[in-house]
Trainee: 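Okay, handing you the structure first.
A quick note: this is a predicted structure, and the numbers were derived from the prediction, not measured.
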Amino acid sequence: MVFRHENQGAASWGVLLDSLRDDDPAVFIRADLADESAERWESWLDRHSLCFVEIVLSEAGQAGGGSCDFLDADDDAIEELEEICVRLPFPAHPVSEDEPGTRWFLGQRGDLGRVP
C-alpha cells in the first residue's frame, strides 16, 4: 500500500499489504526510473513510525529558513561534521544500502543537517 509520493514523482513509499496488521510494519521505497523494468521495491526503514519521523525531518530540510541543510559531503567533511555535531539517534537509511546511508545531525546552534 503506497502512502507517500515524492512531489516530482521520483519515488514512492509503501508497506506490504501482508504487513498491514503488524503494529509497526517495515517501509519500502521504489524509485521511478527511466527503465521501468529496473524499478524495485527496496527496504527503506524497518518501522513505519520511523518513516514518519524521517518525513518530518526531510520536509524541514526542504522548508528553507536556514535551520536545516542537506550535505553531500566527502569523507573529510563528514569526519569534521561528526566532530562538531551530535548525531541524532535515528537509524541510517535506506536499510537496503550499505552503511553509512543517510544520517541526521544536530549542530551547535540547534540546526539540523542530513548527510546521505
Trainee: Nearest 0.5 Å, please: how far is CG in Asp32 from CD in Gln8?
Mentor: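 Here the rounded value is 11.5 Å.
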Trainee: Rounded to the nearest 0.5 Å, how far apart are SG of Cys51 and CG of Asp46?
Mentor: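 Separation between the atoms: 11.5 Å.
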Trainee: Taking only residues two or more places apart in sequence or in another chain, which ones pass salt bridge (charged side-chain N to carboxylate O under 4.0 Å, His left out) with Arg47?
Mentor: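 Here the qualifying residues are Asp24.
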Trainee: According to side-chain contact (heavy atoms from CB on, under 4.5 Å), who are the partners of Phe90, at least two apart in sequence or on a separate chain?
Mentor: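 Once residues adjacent in sequence are excluded, the partners of Phe90 under the side-chain contact (heavy atoms from CB on, under 4.5 Å) criterion are Leu45, Leu50, Val53, Glu54, His93, Trp104.
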Trainee: Kindly give the heavy-atom pair with the smallest separation between Ala92 and Arg103, and that separation in Å.
Mentor: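 Taking Ala92 first and Arg103 second, the nearest heavy atoms are CB-CG, 4.1 Å.
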Trainee: Same cluster or not: are Val2 and Trp13 linked, directly or through other Ile, Leu, Val, Met, Phe, Trp or Tyr residues, by side-chain heavy atoms under 4.5 angstrom apart?
Mentor: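 The answer is no; the residues belong to distinct hydrophobic clusters.
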Trainee: Going by the rule side-chain hydrogen bond (donor to acceptor under 3.5 Å, both in side chains), which residues pair with Glu39 if we only count those two or more places apart in sequence or in a different chain?
Mentor: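 Here the qualifying residues are Arg30.
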Trainee: How long is the gap from SG on Cys85 to CG on Leu106, to the nearest 0.5 Å?
Mentor: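 Separation between the atoms: 7.5 Å.
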Trainee: With hydrophobic residues grouped by side-chain heavy-atom distances under 4.5 Å, do Leu17 and Trp44 end up in a single group?
Mentor: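 Leu17 clusters together with Trp44.
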Trainee: When rounded to the nearest 0.5 angstrom, what is the spacing between OG in Ser19 and CE in Met1?
Mentor: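 Interatomic distance, Ser19 OG to Met1 CE, rounded to 0.5 Å: 8.5 Å.
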Trainee: Rounded at 0.5 Å granularity, tell me how far CZ in Phe28 sits from CG in Leu16.
Mentor: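 Going from the CZ atom of Phe28 to the CG atom of Leu16 covers 4.5 Å.
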Trainee: Could you report the tightest heavy-atom contact between Trp41 and Ser12, atom names first, then the distance?
Mentor: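 Trp41 and Ser12 have their closest heavy atoms at CZ3-O, 3.5 Å.
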Trainee: Would you give the length of the straight line joining atom CD of Glu6 to atom CD1 of Ile29, rounded to the nearest 0.5 angstrom?
Mentor: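 So the gap between those two atoms works out to 9.0 Å.
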Trainee: Got Phe3 and Val27 here, is their nearest side-chain heavy-atom distance under 4.5 Å?
Mentor: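 Yes, close enough: below the 4.5 Å cut-off.
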